[in-house]
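One structure is given here, and the rest of the page talks about it.
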2 protein chains.
Amino acid sequence: MKRDSRLSSVLHALLHMADHDGPMTSEALACCMSTNPVVVRRTMGLLRKAGMVSSERGHSGGWRITGDLNRITLRDLHDALGEPAVFAIGNKTEAPECLVEQAVNAALDDAFAEAEALLLSRFQNVTLADLAANFSRRFAERRQTKD
Amino acid sequence: MKRDSRLSSVLHALLHMADHDGPMTSEALACCMSTNPVVVRRTMGLLRKAGMVSSERGHSGGWRITGDLNRITLRDLHDALGEPAVFAIGNKTEAPECLVEQAVNAALDDAFAEAEALLLSRFQNVTLADLAANFSRRFAERRQTKD
DNA sequence: TTTCATGTAACTTTGTATGTTACGATTCGA
DNA sequence: TCGAATCGTAACATACAAAGTTACATGAAA
């Protein structure tokens with residue numbers, strides 16, 4: 001199944017933006033994420049609606065983080081992207097008449113609901129600042145290895 | 001995103017088979033699952049390889065459960081189906097060079113791994129016999145409502 | 001006023017699950 | 001032995017969604 005990689009993409013973009021002075025253009029972001037500027041605008045537009053970034057048109061325009069890195073969590077981003085479906089596995093029929101299938105759906109739905117709740121609670125516990133710190137650690141480690 | 005509904009489908013099929021004397025043909029199973037006989041064979045074939053069902057060709061042939069309903073778990077079925085990807089969300093790149101992206105992937109992978117582990121452990125705690133019992137309860141309840 | 005940027009609609013491409021057709025292989029019963 | 005029923009499987013078709021692309025309008029700055 002083709003996976004939705006927008007969360008991964010916007011995280012990548014946001015961290016680059018956090019590490020960059022001034023606004024970054026869709027083109028620049030697209031470049032470091034090996035995708036397309038239009039895709040960037042489309043996705044970042046959702047974050048703008050959620051108040052996490054702002055955009056400016058024209059000369060020296062581009063995208064800027066407006067939120068607090070310590071406050072924006074992965075969960076917030078997931079929500080901003082429209083809470084896309086988490087699972088690639090699911091029921092064949094959503095509201096079946098067959099009692100057998102209802103029993104099957106109920107069991108699967110329970111398990112999926114628990115797993116989704118756990119995933120989202122983990123998402124809620126990770127902020128952009130955490131990720132930025134994690135990146136800094138990796139960066140320092142690599143320098144050390146090279147010396 | 002289009003979801004893989006094979007687990008749901010085979011569960012439905014297996015419970016019908018459990019409630020039926022003698023083998024059931026692919027056609028009969030396809031009918032009660034509103035799908036196609038070839039799809040049934042394709043999917044049930046995977047369960048056969050895992051020793052959960054057997055098939056017989058020719059007159060009065062069809063599919064039969066060979067395993068113990070108390071021993072076959074949802075996890076076993078998931079495995080028999082080839083452990084398909086659980087999540088519809090994922091990383092943009094699996095092994096990126098960019099350290100920023102590595103930090104992002106690491107955080108997401110952690111969360112996904114935890115959620116997947118929980119899901120699979122839930123799957124492991126549910127047997128076909130449990131589902132059959134659940135169905136019987138629903139069946140009894142519906143009769144009561146109708147009386 | 002030209003250039004650089006976003007905003008967005010419309011369309012194309014690509015990947016994957018599912019559905020379908022076709023036919024061979026096997027088994028049973030008449 | 002023959003024919004109908006049934007699985008086994010390859011090959012192809014369909015459907016749908018994510019991502020990519022094109023095109024052009026809009027707005028801001030030099």
Side-chain angles (χ1 to χ4, degrees), chain A residues 1-10 12-13 17 20 22-31 33-49 53-66 78 81-94, chain B residues 1-10 12-13 17 20 22-31 33-49 53-66 78 81-94:
Chain A
M1 175 170 299
K2 207 166 193 174
R3 290 166 148 187
D4 179 341
S5 60
R6 290 177 304 159
L7 179 58
S8 157
S9 292
V10 296
H12 189 176
M17 287 162 69
H20 183 270
M24 286 185 76
T25 66
S26 304
E27 186 119 26
L29 291 171
C31 181
M33 295 160 61
S34 50
T35 178
N36 188 290
V38 179
V39 173
V40 172
R41 286 184 210 127
R42 194 185 285 160
T43 315
M44 296 298 281
L46 296 173
L47 303 195
R48 185 184 46 221
K49 282 181 191 160
V53 301
S54 66
S55 59
E56 281 163 44
R57 304 208 241 198
H59 257 300
S60 70
W63 300 89
R64 241 183 249 276
I65 298 183
T66 52
H78 176 72
L81 293 175
E83 305 180 52
V86 165
F87 294 107
I89 302 181
N91 295 327
K92 169 111 180 143
T93 313
E94 264 331 302
Chain B
M1 174 170 298
K2 209 165 194 175
R3 291 166 149 186
D4 180 339
S5 59
R6 290 177 304 159
L7 179 57
S8 156
S9 291
V10 296
H12 189 176
M17 287 161 71
H20 184 270
M24 286 185 74
T25 65
S26 305
E27 185 117 28
L29 290 171
C31 183
M33 296 160 61
S34 50
T35 179
N36 189 290
V38 179
V39 174
V40 171
R41 286 185 210 125
R42 195 185 285 159
T43 316
M44 296 298 281
L46 296 173
L47 304 195
R48 184 183 49 221
K49 282 182 191 159
V53 301
S54 65
S55 60
E56 281 164 42
R57 303 209 242 198
H59 255 300
S60 69
W63 299 90
R64 242 182 249 277
I65 297 183
T66 52
H78 176 72
L81 292 175
E83 307 180 51
V86 165
F87 295 106
I89 301 181
N91 295 327
K92 169 109 181 146
T93 313
E94 264 331 301

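A note on names: the letters A, B, ... follow the listed sequences, proteins ahead of strands, and every chain is numbered from 1. Source: prediction; values computed, not measured.
- Residue A:F87 contributes atom CZ, which lies 17 Å from atom P of C:dA17 at whole-angstrom precision.
- Checking D:dA19, C:dA22, D:dC7 against every side-chain atom of A:R42, the shortest atom distance belongs to D:dA19.
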Might you work through the side chain to side chain contact (heavy atoms under 4.5 Å, CB included) test for B:H78 and A:I89, ending with a clear yes or no?
-> CA-CA 10 Å; B:H78 176 72; A:I89 302 181; 3.7 Å; yes
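- Not one N or O on the side chain of B:N91 forms a donor-acceptor pair closer than 3.5 Å with the backbone of B:T93.
- Within 4.0 Å (heavy atoms only), B:G62 reaches sugar-phosphate atoms of the nucleic acid but no base atom.
- Between B:M44 atom CE and D:dT9 atom P there is a gap of 14 Å when expressed in whole angstrom units.
- Rounded to whole Å, atom C1' of D:dC7 lies 15 Å from atom CG of B:L46.
- The nucleotide whose nearest atom lies closest to any side-chain atom of A:K92 is, among D:dC7, C:dT18, D:dA18, C:dT18.
- Comparing D:dT21, C:dT3, C:dA22 against the side chain of A:H59 picks out C:dT3 as the nearest.
- Contact check for B:E27 versus B:V40: no side-chain heavy atoms found under the 4.5 Å cut-off.
- With the nearest nucleotide of DNA chain D identified for both A:P84 and A:R41, A:P84 has the one nearer the 5' end.
- The residue B:G61 sits close only to the backbone: its heavy atoms come under 4.0 Å of sugar-phosphate atoms, none of a base.
- Distances were taken from every side-chain heavy atom of B:R48 (C-beta onward) to each of D:dG8, C:dA22, C:dT6; the shortest belongs to D:dG8.
- Atom CG of B:D4 is separated from atom C1' of C:dT18 by 10 Å (rounded to the nearest Å).
- If you check D:dA18, D:dG8, C:dG19 against the side chain of A:K2, the one that comes closest is D:dA18.
- Counting to the nearest Å, the P atom of D:dA17 and the CZ atom of A:R6 are 13 Å from each other.
- Formation of a donor-acceptor pair under 3.5 Å by the A:S5 side chain with backbone atoms of B:G90 is not found in this model.
- Residues satisfying the side chain to side chain contact (heavy atoms under 4.5 Å, CB included) criterion with B:R57, sequence neighbours excluded, are absent altogether.
- Comparing atom distances between the A:S60 side chain and each of D:dA29, D:dG8, C:dT18 picks out D:dA29 as nearest.
- Rounded to whole angstrom, the span from the CD atom of B:E56 across to the C1' atom of C:dA25 amounts to 15 Å.
- Checking A:V38 against A:G58, the closest nucleotide of DNA chain C that is more toward the 5' end is the one next to A:G58.
- The side chain of A:S26 places no N or O atom within less than 4.0 Å of a non-bridging phosphate oxygen (OP1 or OP2) of C:dA5.
- Judged by distance alone, with hydrogens and angles left aside, B:R57 brings no side-chain donor or acceptor close enough to the base of C:dT26 to form a pair under 3.5 Å.
- Two residues, B:T25 and A:N36, neighbour DNA chain D, and the one matched to the more 5' nucleotide by heavy-atom proximity is B:T25.
- Proximity of B:S55 to the phosphate of D:dG8: a side-chain N or O atom is located under 4.0 Å from OP1 or OP2.
- What separates CG of A:L29 from P of C:dA5 is a distance of 12 Å, to the nearest Å.
- Rounded to whole Å, atom P of D:dG8 lies 12 Å from atom CG of B:L47.
- Between the A:N36 side chain and the A:V38 main chain, a donor and an acceptor come within less than 3.5 Å of each other.
- Within the 4.5 Å cutoff, side-chain heavy atoms of B:S55 are placed close to those of B:W63.
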Stepwise, does the side chain to side chain contact (heavy atoms under 4.5 Å, CB included) test hold for B:R64 with B:E56?
-> CA-CA 9 Å; B:R64 242 182 249 277; B:E56 281 164 42; 3.6 Å; yes
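- End-to-end axis angle for the helix from C:dT1-D:dA30 to C:dA30-D:dT1, using five pairs per end and rounding to 10°, comes out at 10°.
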